Amino acid sequence: IAPYSSNPMRKGFDSVILEGVFEDVLKRLNPNVPESAISEASSKVRKLGSSDLMANNEAFHGMLTDGVSVECFHNGQPKGFSLRIADFSNPENNVFHAVNQLVVKENDSEKRLDVVVFVNGLPLAVVELKNPMDENATLERAFTQIQNYKKAVPSVFHYNAVCVISDGLDARISSVSAPFSRYLVWKSPEKKENGILPELQILAERMFEKKTFLELVRYNTVFETEEVKDART
């Protein structure tokens, strides 16, 4: 068995975006903008410009939900454009990939992530799965592994909207910055499924349904600003 894919969709292991997919979708969703605007928007998404994980995450979420604002010359004049990188009105108009065992190399570290869910070539979800046959497999261990990934290969989480942890049966979901206590079960609207089907199955089938997942990313992501108090008052 080959250790790596024979059909790579990235430029290299140091990339966390499926560049070809992203570029194609960017052009398809913005058919009436010049190539220079496409190129500028692509560069802006790929190079978020901060060394802080959460600052990049917040900046990207704004681009994802509100569009990527760029300015370039068009017909000899400077002109502003706002480009969509996702179609929230028509879920089927987006491209979804679930990649198993994604290898990422960054800062002399190499990590292999269990599952990464890409939307339009952008890694919006990371899923850490533990082996249910391992007696040491716990949700806490899966959470700790996510924290290790954040330190070793932070670029993956610049685009992250959802983190999922599972011991193979039970599963929890939260945001990239959340503590373990904030990871919660995804409940099924069908009461007969809750307590009967494994939590991981319910989460995979219900939360990752395309329309539901896009609405979750768009409407249920909040960035809080800590209040800085003056020590003199």
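Computed from a prediction, not measured in an experiment: that's the story for all the values here.
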Exercise for review: Any chance you could measure T221, atom OG1, to E58, atom CD, to the nearest 0.5 Å?
Suggested key: 11.0 Å

Review point. With A59, which residues qualify under side chain to side chain contact (heavy atoms under 4.5 Å, CB included), at least two apart?
Key: none

Check your understanding: Residues two or more places apart in sequence or in another chain: which of them pass side chain to side chain contact (heavy atoms under 4.5 Å, CB included) with I196?
Key -> none

Check your understanding: Just how far is it from atom CG of N57 to atom OG of S175, taken to the nearest 0.5 Å?
Key -> 8.5 Å

Practice item. Decide yes or no for K111 and V156: does some side-chain heavy atom of the first lie under 4.5 Å from some side-chain heavy atom of the second? Key: no

Point to revise | D87 versus N94, side-chain donor and acceptor atoms under 3.5 Å | key: no

Exercise for review: Look only at the side chain of N100 and the backbone of V115, and say whether a donor-acceptor pair between them is shorter than 3.5 Å.
Suggested key: no

Practice item. Work out which heavy atom in K44 is nearest to a heavy atom in S69; give both atom names and the distance. Key: NZ-O, 2.6 Å

Review point. Does Q201 reach the side chain of E193, with side-chain heavy atoms less than 4.5 Å apart?
Key: no

Review point. Under 4.5 Å between any side-chain heavy atoms of V176 and M54, yes or no?
Key: yes

Practice item. Hey, could you give me each pair passing ring-ring contact (aromatic ring centres under 6.0 Å, His included) that has a residue in residues 23-55? Not counting sequence neighbours. Key: none

Point to revise | Test log, rule side-chain contact (heavy atoms from CB on, under 4.5 Å), inputs L124 and L64 | key: CA-CA 10 Å; L124 299 192; L64 182 67; 4.3 Å; yes

Study note, to complete from the structure: Residue pairs passing the ring-ring contact (aromatic ring centres under 6.0 Å, His included) test with at least one member in residues 48-67, sequence neighbours excluded, are F60-Y159, H61-F223

Check your understanding: How long is the span from the CZ atom in R46 to the CZ atom in F22, to the nearest 0.5 Å?
Key -> 8.0 Å

Review point. Which side-chain hydrogen bond (donor to acceptor under 3.5 Å, both in side chains) pairs, counting each pair once, include a residue from residues 140-157, with sequence neighbours left out?
Key: E106-S155, E128-Y149, Q147-K150

Review point. Okay, side chain of K210, backbone of E92: is any donor-acceptor separation there less than 3.5 Å?
Key: no

Practice item. For side-chain contact (heavy atoms from CB on, under 4.5 Å), just list the numbers for I85 and V68, CA-CA rounded to whole Å, side-chain angles, deciding distance to a tenth of an Å, and then say yes or no. Key: CA-CA 8 Å; I85 57 177; V68 184; 3.8 Å; yes

Practice item. Grab the two heavy atoms, one from S82 and one from D66, that are nearest each other, plus how far apart they are. Key: OG-O, 3.7 Å

Can I get a per-line list of side-chain donor-acceptor pairs under 3.5 Å for residues 29-41, giving both atom names and the distance, sequence neighbours left out?
unit_1, atom_1, unit_2, atom_2, d
N30, OD1, R84, N, 2.8
N30, ND2, L26, O, 2.8
N30, ND2, R84, O, 2.8

Review point. With a 4.5 Å limit on heavy-atom distance, are the side chains of V162 and V117 in contact?
Key: no

Check your understanding: Do the non-hydrogen side-chain atoms of L200 and L129 ever get within less than 4.5 Å of each other?
Key -> yes

Acceptor/donor pairs from residues 178-187 side chains to any protein atom, 3.5 angstrom cut, sequence neighbours excluded:
none

Practice item. Sequence neighbours left out, what passes salt bridge (Lys or Arg N to Asp or Glu O under 4.0 Å) with K11? Give chain and number order. Key: none

Study note, to complete from the structure: G121 and V21 have their tightest heavy-atom pair at N-CG1, 3.6 Å

Check your understanding: Under 3.5 Å, is there a donor-acceptor pair between the side chain of E199 and the main chain of A171?
Key -> yes

Check your understanding: To the nearest 0.5 Å, how far apart are CG in D167 and OG1 in T138?
Key -> 7.5 Å

Review point. Do side-chain atoms of E209 reach the backbone of K211 as a donor and acceptor pair under 3.5 angstrom?
Key: yes

Check your understanding: So, do Q101 and V103 sit near enough that their side-chain heavy atoms are less than 4.5 Å apart?
Key -> no

Practice item. Apply side chain to side chain contact (heavy atoms under 4.5 Å, CB included) to N56 and list each qualifying residue two or more places apart in sequence or on a separate chain. Key: L48, S50, H158

Review point. Mind checking whether F157 and C163 have side chains closer than 4.5 Å, heavy atoms only?
Key: yes

Practice item. For S109, enumerate each residue passing the side chain to side chain contact (heavy atoms under 4.5 Å, CB included) test, keeping only those at least two apart in sequence or located in another chain. Key: A152

Practice item. Name all residues meeting the side-chain hydrogen bond (donor to acceptor under 3.5 Å, both in side chains) criterion together with N160; count only those two or more places apart in sequence or in a different chain, and write none if there are none. Key: none

Check your understanding: Do the non-hydrogen side-chain atoms of V16 and F118 ever get within less than 4.5 Å of each other?
Key -> no

Exercise for review: Go through L216 and I173 one step at a time and tell me if the side-chain contact (heavy atoms from CB on, under 4.5 Å) criterion holds.
Suggested key: CA-CA 12 Å; L216 173 67; I173 170 185; 4.0 Å; yes

Check your understanding: Can you list every side-chain hydrogen bond (donor to acceptor under 3.5 Å, both in side chains) pair that touches residues 18-28, not counting sequence neighbours?
Key -> S15-E19, E23-S42, R28-N93

Revision key, fill the gap. Rounded to the nearest 0.5 angstrom, the CG-CG distance for D170 and L203 is 11.5 Å

Revision key, fill the gap. Closest non-hydrogen atoms of P91 and F88, given as atom of the first, atom of the second and distance, are CD-O, 4.3 Å

